[in-house]
Amino acid sequence: MGQLLRLTNTWVQAALWLVAAVFAAFLIGLGGKLLDKLWEAERPLTLQQFSDPTRSSNAQHQLHLAEARVQSVRMHLEQARHKLGVAKTNTTLARQNFDLWLASRDAAARPDQESELLIRTSELDQVRAAEQATLAAVRAQEQALLQAIEQRDQASRHWSSLERAALAALEQARWHQQMQAFLYRLAITAPLVLLACWLFIKKRGSHWWPFIWGYIFFAAFTFFVELVPHVPAYSGYVRYIVGIVITVLVGRFAILSLQAGDAAGAGSAPAACPACARPTAQSEEQDYCPHCGTRLFNSCGKCKTRKTAFARFCTACGTPSVADGA
């Protein structure tokens with residue numbers, strides 16, 4: 001019978017803990033919806049909000065004009081280089097023709113061709129002059145390209161300076177917005193966490209403990225998920241540090257409670273059954289929990305003094321406790 005009672009109590013305890021978990025899940029869902037609605041009212045920040053429209057428009061226009069001029073000068077430079085190549089080819093051909101004609105003239109030894117020599121020499125000079133003029137045009141276009149690139153770089157630096165100033169203002173505004181959002185979250189979550197701490201200290205063992213623990217789980221989730229990650233800086237460090245502090249405080253509270261229970265339970269029945277956490281009667285004739293059947297009292301194996309089943313030593317003779325039923 002006692003085994004059946006223990007099994008039933010275990011399932012009841014599991015069901016109650018499930019109720020606590022479900023209650024916490026619904027609270028978390030409701031809190032998430034409320035917070036989402038609150039943050040939807042925040043106005044998103046953009047870079048254009050922190051830029052001077054007139055100066056930005058002028059800077060962009062100048063940058064576009066400078067870029068267009070660079071492309072135009074590059075196109076003219078390519079054309080001039082192509083013309084230079086053609087002029088060099090013409091000069092080479094003209095020089096070859098002149099050399100061939102001059103060789104044939106010397107072979108024939110005809111002095112009447114002096115006038116033709118002058119004409120051909122003049123034509124060759126004209127071809128060379130055309131090549132030099134084309135080369136000068138290429139040099140002029142190269143210089144124009146350098147000037148256009150310099151103007152484009154100046155326009156780009158001016159635009160970058162305006163953009164950096166706008167970005168700095170945007171980052172500052174975002175930091176203020178994050179701080180404001182964090183303060184909103186702190187104002188909402190701080191009362192929830194404080195109430196959870198009070199319930200844990202005062203009411204965690206009450207008749208409505210599943211709902212109390214569910215609310216405690218909800219408050220812990222709200223603190224670590226909805227508040228700590230939104231600290232403007234070092235949120236990860238804050239989360240771990242707060243977790244360490246809370247773990248130490250809860251662990252210390254549990255250790256002190258256990259030590260106090262061991263000291264108080266040496267000669268009297270526990271106020272609540274350790275197995276099912278339900279209250280028990282302070283009676284010398286009650287050796288078993290009426291709710292789950294757990295044995296609360298036994299006798300010392302040496303002096304037969306009645307003692308709590310959870311005491312490590314007999315309070316009358318100091319004999320260590322033995323297995324249940326000694």
Side-chain angles (χ1 to χ4, degrees), residues 21 23-67 149-201 213-253:
F23 183 62
F26 280 115
L27 287 177
I28 290 171
L30 178 61
K33 288 292 184 182
L34 294 176
L35 288 177
D36 290 341
K37 291 297 182 182
L38 179 61
W39 310 139
E40 285 177 0
E42 291 288 340
R43 181 171 58 92
L45 299 176
T46 61
L47 185 63
Q48 288 73 18
Q49 294 174 300
F50 301 91
S51 302
D52 187 343
T54 302
R55 296 182 63 187
S56 298
S57 178
N58 291 337
Q60 286 184 326
H61 181 66
Q62 293 298 325
L63 182 59
H64 292 160
L65 289 179
E67 184 65 32
I149 291 176
E150 178 62 24
Q151 292 177 357
R152 184 194 62 182
D153 292 342
Q154 290 180 356
S156 178
R157 286 192 295 269
H158 179 59
W159 165 248
S160 298
S161 65
L162 294 178
E163 190 175 36
R164 283 195 300 270
L167 283 174
L170 176 61
E171 291 299 324
Q172 186 71 15
R174 283 178 176 172
W175 187 89
H176 285 294
Q177 190 178 64
Q178 291 174 359
M179 179 60 71
Q180 185 179 15
F182 170 72
L183 294 177
Y184 285 158
R185 289 177 181 269
L186 181 63
I188 294 173
T189 57
L192 301 179
V193 174
L194 292 177
L195 178 59
C197 294
W198 181 83
L199 290 174
F200 176 80
I201 296 173
W213 277 101
Y215 177 83
I216 292 173
F217 293 153
F218 158 69
F221 177 88
T222 302
F223 178 79
F224 284 102
V225 177
E226 298 294 346
L227 178 64
V228 174
H230 296 275
V231 177
Y234 309 110
S235 59
Y237 295 102
V238 173
R239 178 185 300 181
Y240 290 121
I241 292 173
V242 172
I244 292 172
V245 172
I246 292 178
T247 303
V248 170
L249 293 178
V250 173
R252 180 177 180 275
F253 181 83

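In this chain, residues are counted from 1 in sequence order. Hydrogens, waters and symmetry mates play no part in the numbers below; they use all other heavy atoms, side chains included.
- Separating the CD1 atom in Ile216 from the CH2 atom in Trp213 is a distance of 5.0 Å, to the nearest 0.5 Å.
- In terms of modelled atom types and a separation under 3.5 Å, the side chain of Thr222 and the main chain of Phe218 share a donor-acceptor contact.
- With rounding to the nearest 0.5 angstrom, the CG atom of Leu167 is 10.0 Å from the OG atom of Ser160.
- Nearest heavy-atom pair across Val193 and Ala219 is CG2-O, 4.0 Å.
- In this structure, CG in Leu199 is found 11.0 Å from CG in Leu194, a value given to the nearest 0.5 Å.
- A side-chain N or O of His176 and one of Gln172 form a donor-acceptor pair less than 3.5 Å apart.
- For the pair Glu150/Gln154, a side-chain contact is recorded, criterion being any heavy-atom separation below 4.5 Å from C-beta on.
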Quick one: do Gln60 and His64 satisfy side-chain hydrogen bond (donor to acceptor under 3.5 Å, both in side chains)? Show the steps, please.
-> CA-CA 6 Å; Gln60 286 184 326; His64 292 160; 5.9 Å; no
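- Checked against salt bridge (charged side-chain N to carboxylate O under 4.0 Å, His left out), Arg55 has no partners two or more places apart in sequence or in another chain.
- Counting heavy atoms from C-beta outward, Phe223 and Leu192 have side chains that stay 4.5 Å or more apart.
- In this structure, the separation between OG on Ser56 and NE2 on His61 is 14.5 Å, given to the nearest 0.5 Å.
- Interatomic distance, Leu63 CG to Asp153 CG, rounded to the nearest 0.5 Å: 9.5 Å.
- Remark: the backbone N or O of Thr54 is not paired with any side-chain donor or acceptor of Ser57 at under 3.5 angstrom.
- Pairing each heavy atom of Ala59 with each of His158, the nearest pair is CB-CD2, 3.7 Å.
- Nearest heavy atom pair, residue Gly214 against residue Ala24, reads O-CB, 3.2 Å.
- Each of Gln62, Arg157, Glu67 was scored for a side chain to side chain contact (heavy atoms under 4.5 Å, CB included) with Arg152, with one residue passing: Glu67.
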